[in-house]
Every structure is written in C-alpha cells, then in structure tokens.
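Contents: one structure, followed by commentary.
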Amino acid sequence: MIHDSHHPDTSCRPEHVPVVVLGAGPAGLTIAGILRAASIDCLVLETESRQFIEERPRAGVLEEPAARGLMQRGLAVELLRHAERHTACEFRFEGEARRLDYAELTGYHHVVCPQPRLVKALVHEYADVRGGAIRFQVRDVALHGIGTDRPSVSYVCPETGRRRQVYCDFIAGCDGARGVSRAALTDAGLARIARYDHGVGWLALLAETPPSTDCVLFGVHPRGFAGQMPRSPEVTRFYLQCPPGDAPEAWTHERVWAELREGRLLEKRVLGMHDYVVEPMAAGRLFLAGDAGHLTAPIAAKGMNLALHDAFLLGDALTARLTKDDDSGLAGYSEASLRRVWDYQEFSHWLSDVYHGASSDDPYRAGTSLARLRRLFASRAAASAFAERYLGAASY
C-alpha cells in the first residue's frame, strides 16, 4: 500500500533517522553497514524474521571485485577470507567436456558465498557488532513525501499492532520485486519498467551429494540445459531446464535422479527466467537498489553482484552527502548503476541463447548457439572476452 500524503495518521510518536533502508537483503544490509561504519544512523525495516532471511535458500557466487568491495568496507571479512574460490568452468556439449580456465585468462576468480551466509554475516556486523537498528517482521510499509525534503516511512509494528512513522532524509529501497519502493516510482509514473522473458524455467535443486567435478559445469544439450555448482565437498546445487511455470512437485525424486544421479534433495523449486529494469532508479529522496531496481535471471550469476554494486554506489554516495554535503554521487547514482545493469542484462541474454539454443526446436538458433560455444575453445581472444564478462572484470 502506497500513501501519497506527507502526514499519514499514526498512533505513535514519529522518529527521525538520516536514512531508512527498506529490506534486509545483501543490498540493504551492505548500505546499512557502510553508513554505520561512517557513524551515520539508519534504520533497516524488514518484513521477514531474522531467522528467515538468514536461512532462506539462495545460490551465491560473487565476482572477485564484489567480494573485494565488501572487504574494503570491513563487511563479511572473515567469511570471504575463508571462502572457496572457483578458477574455472566446464562446458559439455556435442558429447565432449571442455574446460575454460578463466583465472589463467584474466587473473580473476569467483568466490563461493551462498547468499544466506552473506546475509547472516552482514546482519551480525550491522546489528550485533555495530549496534545498528533493524526491525524485523514489520507490516504494511508505506512511503510518504518522497518528492519533498522530509520524506517518511510508516509501518505496522508486529509487537503492538500500531502504525509507527519514521522521518528521514533519504530512503534506500532495497525491498525487492514485491516491495513498496519500486511501486512508489512506477505507479506514480516516475519510472518505467523494461521486461524480458527467456521462455524457459529452471528447476533449482540443492542436493546432499558430492559434486562430480571441482568447478562449475554447464551442460548444453538438445534435451535442455543442465548446470552443476559445487557448494561444499558434500553439497551440490543443480539446475535443470524445464517448461516455464512447471510445478516442482512434478519432479519426483526418481525423475530428478534419472537426469542426474543419486543423492538426498535438500531443496527443490522452479525459477522463472525473466528480467526487468526500472529506469530511472531514483526519484526525489528515494533510491532503488538490488531487485527493487532490476532483476537478472540467474543465467550468469549476476543478481547478487549487481545488488552489491548498487549498494557500494549508494552507500558511498549517501555517506558523502551526509558527512561532506557532497551531492555528486547521489546525482549520478541511477545513471552509474544502470550502465552496469544493462551491460549484465545483455551478457545474460547472450548466455541464455548459448544455454538454451540447442533445445529451442529452432535449427538456426541451435546452430548459432553451438557456433558461439565452439568459438570459445577455438579462440583465446573469444575465451578471454567471455571470461572477463562472466567474472565482471570488464565492468570494474
């Protein structure tokens, strides 16, 4: 529910903090951590419980520059320092396995960091170590006066059932695709949404079984795409191409392991392969970050990396504005973020055609997709260009 009134009725005395952060995901918690490190007060509002966000199953591969950006800001340092690194990936197509050593090609690597572990580390750093304010399980969040110099956020307190109001200087909208932040811009005509649907689904599986190889594996086949991402010596994440909107229940244990191999399933869900971009990502005193501003299908493992890039830009810009009265970062935030967003969207679109072209029932698309794959292993320049984009090295 979005309220346009600058002075909604509330039952409790209003508060004031410089920044209200909506959403305790990677973007929101990173922004809050950056602000807290600069001794700037902020309030994080989250509709779910702490246990839920710390345990919600999510994949997680970080680009090396994103991991370095967190560590440089003193966030999740111990977690990332001991995280596993991936230096290569393997493609299987036309009956062959072909390894691409992207660390050798670029000098960059991936950091294995499942999102729940990162969120848990960021919550601990912000709330437990630095004493940052965060309120979980809030309801009916509403934004007010985002076009004024005195915006506010109101919400229903889960303990009292009463509506509370918080005035602030800025609002960081990091509450995802279904949150109120994006709607505050799009419903009011302050931003447009560009959308794309890849026309396929992915069955996401987390299994208690050792990975079959030491690196990420991509299988391209006329029957569909399959992916394997090692998470630990005992746990592996798999993806299987499926019809869009397919029911997870349709994939029985026997059906899954007819495609893969034996193991105990820990998670099973179907992911929609679609993208969107909100332009611009800011209006007045409201700034979007992460999935509130854009969604990239997990085809190229870019979602969490884009969210963190937004958070670095916005957290640093808010800090400059509130400590040095420097508006330049906030003024350029949307444009700077969208440059990377569109770059990653284009790469995801390209890679989707590589993954799914062979099973598209379109001989022309299948032929061009396989030609792209062959080129990766016939040309070092092509392999290096792919590796740079896959690792995000070309965007930093």
Side-chain angles (χ1 to χ4, degrees), residues 25-26 47-48 52-53 55-61 92 112 114-117 119 175-179 182 193 195-209 211-212 216-231 235-277 290-292 294-307 344-345 347-362 365 369:
T47 58
E48 302 290 353
F52 180 87
I53 66 168
E55 297 178 359
R56 174 172 41 192
R58 288 290 186 273
V61 176
R92 295 184 182 179
V112 180
Q115 183 171 313
R117 294 182 63 192
V119 165
D175 48 350
R178 299 179 180 85
R182 187 182 78 167
I193 305 180
R195 303 179 187 272
Y196 182 79
D197 193 317
H198 295 268
V200 299
W202 277 11
L203 178 71
L205 304 161
L206 194 64
E208 194 173 50
T209 186
S212 63
V216 175
L217 188 156
F218 307 117
V220 178
H221 192 274
R223 290 179 57 195
F225 167 80
Q228 174 191 278
M229 288 75 179
R231 284 293 172 262
V235 176
T236 306
R237 178 167 288 281
F238 298 97
Y239 294 111
L240 285 175
Q241 184 177 333
C242 65
D246 206 4
E249 298 76 23
W251 289 83
T252 63
H253 185 94
E254 291 74 22
R255 184 184 178 191
V256 167
W257 296 114
E259 299 290 340
L260 300 171
R261 65 180 186 279
E262 190 63 28
R264 186 170 71 91
L265 291 178
L266 306 175
E267 180 204 0
K268 180 173 60 176
R269 59 195 174 101
V270 172
L271 307 177
M273 295 289 109
H274 58 271
D275 312 313
Y276 64 75
V277 179
D291 286 359
H294 45 77
L295 181 70
T296 305
I299 292 164
K302 295 298 187 184
M304 185 162 62
N305 290 286
L306 276 176
Y344 280 22
Q345 291 281 349
F347 178 65
S348 180
H349 188 276
W350 181 89
L351 194 56
S352 177
D353 217 38
V354 170
Y355 287 167
H356 307 123
S359 60
S360 66
D361 295 325
D362 180 340
R365 185 181 172 198
S369 298

Problem set entry | With Trp251, the side chain to side chain contact (heavy atoms under 4.5 Å, CB included) member among Glu254, Arg255, Glu249 | Arg255

With side chains defined as the heavy atoms from C-beta onward, is the minimum distance between [X] and [Y] less than 4.5 Å?
| X | Y | value |
| --- | --- | --- |
| Ser348 | Lys302 | no |
| Leu203 | Asp246 | no |
| Ser212 | Gln228 | yes |
| Ser369 | Val220 | no |
| Met229 | Pro211 | no |
| His253 | Val256 | no |
| Asp197 | Tyr276 | no |
| Leu295 | Asp275 | no |

Exercise. For the residue pair Phe218 and Tyr355, is the inter-centroid distance of their aromatic rings smaller than 6.0 Å?
Worked result: yes

Exercise. Do other residues, nucleotides or ligands put more than 12 heavy atoms under 6.0 Å from the CZ atom of Arg365?
Worked result: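 Enclosed.
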
For this session: Using a cut-off of 6.0 Å, state whether more than 12 heavy atoms not belonging to Arg223 lie near its atom CZ.
Result: no

Between [X] and [Y], which heavy-atom pair has the shortest distance, and what is it?
| X | Y | result |
| --- | --- | --- |
| Ala204 | Tyr239 | CB-CE2, 3.7 Å |
| Gly357 | Ser360 | O-OG, 2.7 Å |
| Val112 | Pro230 | CG1-O, 4.2 Å |

Problem set entry | Audit row: Ile193, Arg182, side-chain contact (heavy atoms from CB on, under 4.5 Å) steps and yes/no | CA-CA 10 Å; Ile193 305 180; Arg182 187 182 78 167; 4.1 Å; yes

Exercise. Do the ring planes of Phe225 and His356 sit parallel (below 30°), tilted (30 to 60°) or perpendicular (above 60°)?
Worked result: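 Taking His356 first and then Phe225, their aromatic rings stand perpendicular (interplane angle over 60°).
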
Exercise. In terms of ring plane angle, is the pair Trp350 and Phe347 parallel, tilted or perpendicular, where the classes change at 30° and 60°?
Worked result: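 Judged by the thresholds at 30° and 60°, the geometry between Trp350 and Phe347 is parallel.
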
